[in-house]
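Encoded as structure tokens, the structure appears first; notes follow it.
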Protein chains: 2
Amino acid sequence: MPNPTAAMLVIGDEILSGRTRDANMHHLAQKLTEHGIDLCEVRVVSDDAPAIITAVRALSGQYTHVFTSGGIGPTHDDITADCIAEAFGRAIDVRDDARKLLADLCAARGVELTTERLRMARIPEGAALIDNAASVAPGFTVENVHVMAGVPRVFEAMVAWLLPRLAAGQRRLSQNLRVMQAESEISGPLRDIAAAHPDLSLGSYPFSENGQFGANIVIRGTDPAAIDAAMAQLKEAFPNGTT
Amino acid sequence: MPNPTAAMLVIGDEILSGRTRDANMHHLAQKLTEHGIDLCEVRVVSDDAPAIITAVRALSGQYTHVFTSGGIGPTHDDITADCIAEAFGRAIDVRDDARKLLADLCAARGVELTTERLRMARIPEGAALIDNAASVAPGFTVENVHVMAGVPRVFEAMVAWLLPRLAAGQRRLSQNLRVMQAESEISGPLRDIAAAHPDLSLGSYPFSENGQFGANIVIRGTDPAAIDAAMAQLKEAFPNGTT
């Protein structure tokens, strides 16, 4: 059976303006790989309702899961929850269980549950809450879209709670051979070895280091014996490679 | 006149598998902001021809420019050039000027111009070459799509050559106020200040540091005086903020 598929939608201007370097995408990609869910696409869009709604609908129809990050806080530019509601034609309002989470938190901290804080309890109709072990205000799942926070510590806490609740696929295993040769010198043998292993994926990821080009050759698959066999051939072809 | 718009398409499995953390997206976002081109969307897709072709067509129709990174090297998984040709219904073959670049490089290094190396001279019909000051093998522009390498050093060299040749927009200026308060405590005043400055964009980017939440409030716009005025109001509302 093929693995579940996924897309991620990163919402917010900070990556697009170059202010911030992405962290959540990298974290989710690693966790999904461990869980056997294939991350097939990532989109980054700004805090713009039509862009968010269009992307959510497109990705939701195409993949098993969509994971979003960003835009569910209490400020005026946090519009993700409303956009998700609109994307699926659902009503949205403050929900009692989410309100209670925030009310309890405010009581414990001795602060007032303001209208602004209550914004974080606005949940689209029929959604399931996603637990937030880092800062309480919940994420939520509507259909196959999992809506999470943008702050990395909160995003990671939500992913940690959510992933064990999603059906796992076959974990993709990988092995890596690092070769300090330009790709044009290794591409011939690499092509032959890739062709001999149609059930594996062989990728070559070039890099430059101290002005010299090299490549990481990555074998991916689900059968450890097949990966070992391909790695043996790679090592024979590129004896100076290091694992 | 509104600024030119742009999308970036990152091609390759290494970010989606979690092996690599993106660098090119962050670099391009910063350079486009400096140049006055608004980066509106980023997509990351795997080395999969239908996914690449679909994304190129969608983004090319929607934005002034599309910048791609990855998949133009000499290995079997480098399929970007062929996908771009197919996306625009153009032929693709080894081109004389690109072949000469590679032939001269091989001659200088005393290596053979193999079929594998020649793959990097395959250019879609009617494309303009993008200079590669880092490693010679060129990128290319077809219509509004600028096709560049995935290795950061090479990608950056190509961006440095390309951007001065693209029409610049108004540079977006920004100022930042860093506030060590949770967003729910600042969102009321922030909303009012944002509403008072419809020509500016005020964004709040929460973070956590040593277990405490804070936010960077970023004012963006093109009129320095308007940004100064909004910053003065922000500082009055959040006197403990730091710039």
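First the proteins, then the strands, lettered A, B, ... as listed; each starts at 1. In this text the structure is predicted, and so the values were computed from the model without any measurement. All values below were derived from every heavy atom in this structure, side-chain atoms included, with hydrogens, water molecules and symmetry-related copies excluded.
In this structure the side chain of A:M231 reaches within 4.5 angstrom of the side chain of A:T243, judged on heavy atoms. Considering only heavy atoms from C-beta on, A:E183 stays 4.5 Å or farther from A:Y205 through its side chain. Counting heavy atoms from C-beta on, the side chains of B:I219 and B:H197 never come closer than 4.5 Å.
In terms of modelled atom types and a separation under 3.5 Å, the side chain of A:T64 and the main chain of A:T5 share a donor-acceptor contact. Of the possible polar contacts, one joining the B:H35 side chain to the B:L166 backbone as a donor-acceptor pair under 3.5 Å is found. Checking side-chain atoms of B:N132 against main-chain N and O of B:G139 turns up no donor-acceptor pair under 3.5 Å. For the pair B:T80 (side chain) and B:G71 (backbone), a donor-acceptor distance under 3.5 Å is present.
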Go through the steps for A:I217 and A:L234 under the test side-chain contact (heavy atoms from CB on, under 4.5 Å), then give the verdict. CA-CA 9 Å; A:I217 306 171; A:L234 278 183; 3.6 Å; yes

B:M148 vs B:F67, side-chain contact (heavy atoms from CB on, under 4.5 Å): CA-CA, chis, key distance, verdict: CA-CA 7 Å; B:M148 296 180 284; B:F67 301 88; 3.7 Å; yes

Please assess A:E41 against A:L59 for the test side-chain contact (heavy atoms from CB on, under 4.5 Å), listing each intermediate value before the final yes or no. CA-CA 9 Å; A:E41 181 171 350; A:L59 297 173; 3.9 Å; yes

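Contact annotation for B:A23: both backbone and side-chain heavy atoms come within less than 4.5 Å of a heavy atom of chain A. Looking at A:N216, only its side chain comes within 4.5 Å of chain B, counting heavy atoms on both sides. Contacts of B:V218 with chain A are made by side-chain atoms alone, with heavy-atom separations under 4.5 Å and no backbone atom involved. Looking at A:L28, there are no atoms closer than 4.5 Å to chain B (heavy atoms on both sides), in backbone or side chain. Only the side chain of B:T33 has a heavy atom closer than 4.5 Å to any heavy atom of chain A. Using a 4.5 Å cut-off between heavy atoms, A:M8 does not touch chain B at all. Neither the backbone nor the side chain of B:V10 comes within contact range of chain A; no heavy atom of the residue lies under 4.5 Å from a heavy atom of that chain. Proximity to chain A (any heavy atom under 4.5 Å) is shown, for B:S174, by neither the backbone nor the side chain. In this structure, chain B has a heavy atom under 4.5 Å from the backbone of A:T20, while its side chain stays farther away. Contacts of B:D22 with chain A are made by backbone atoms alone, with heavy-atom separations under 4.5 Å and no side-chain atom involved. Only the side chain of B:N176 comes within less than 4.5 Å of a heavy atom of chain A; its backbone N, CA, C and O stay farther away. Residue B:L32: no heavy atom, backbone or side chain, is found under 4.5 Å from chain A.
Residues that satisfy the salt bridge (charged side-chain N to carboxylate O under 4.0 Å, His left out) test with B:R172, not counting sequence neighbours, are B:D38.
Chosen from A:R119, A:R43, A:R220, the residue pairing most often with chain B at heavy-atom distances under 4.5 Å is A:R43. Note: B:R21 leads B:R21, B:E185, B:M25 in heavy-atom pairs under 4.5 Å with chain A. Ranked by non-hydrogen atom pairs under 4.5 Å with chain B, the options A:L202, A:I186, A:D78 are led by A:L202. In terms of non-hydrogen atom pairs under 4.5 Å with chain A, the most contact-rich of B:L39, B:V151, B:D77, B:L16 is B:L16. Ranked by heavy-atom pairs shorter than 4.5 Å toward chain A, the options B:E112, B:R117, B:H27, B:M120 are led by B:R117. Contact count against chain A (heavy-atom pairs under 4.5 Å) is highest for B:R19 among B:E34, B:R19, B:K31. Across A:G70, A:S201, A:S208, A:A7, the residue that shares the most heavy-atom pairs under 4.5 angstrom with chain B is A:S208. Annotation: maximal heavy-atom pairing with chain A below 4.5 Å, among B:L9, B:D13, B:V45, B:D47, occurs at B:D13. Interface summary for chain B: among A:S17, A:S46, A:P206, A:G203, the most heavy-atom pairs under 4.5 angstrom belong to A:S17.
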Show the atom names and distances, to 0.1 Å, of all donor-acceptor pairs under 3.5 Å that link a side chain in residues 188-196 of chain B to residues at least two apart or in another chain.
residue	atom	partner	partner atom	Å
B:R191	NH2	A:E116	OE1	3.3

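When ring centroids are compared, A:H65 and A:Y63 stay outside the 6.0 Å threshold.
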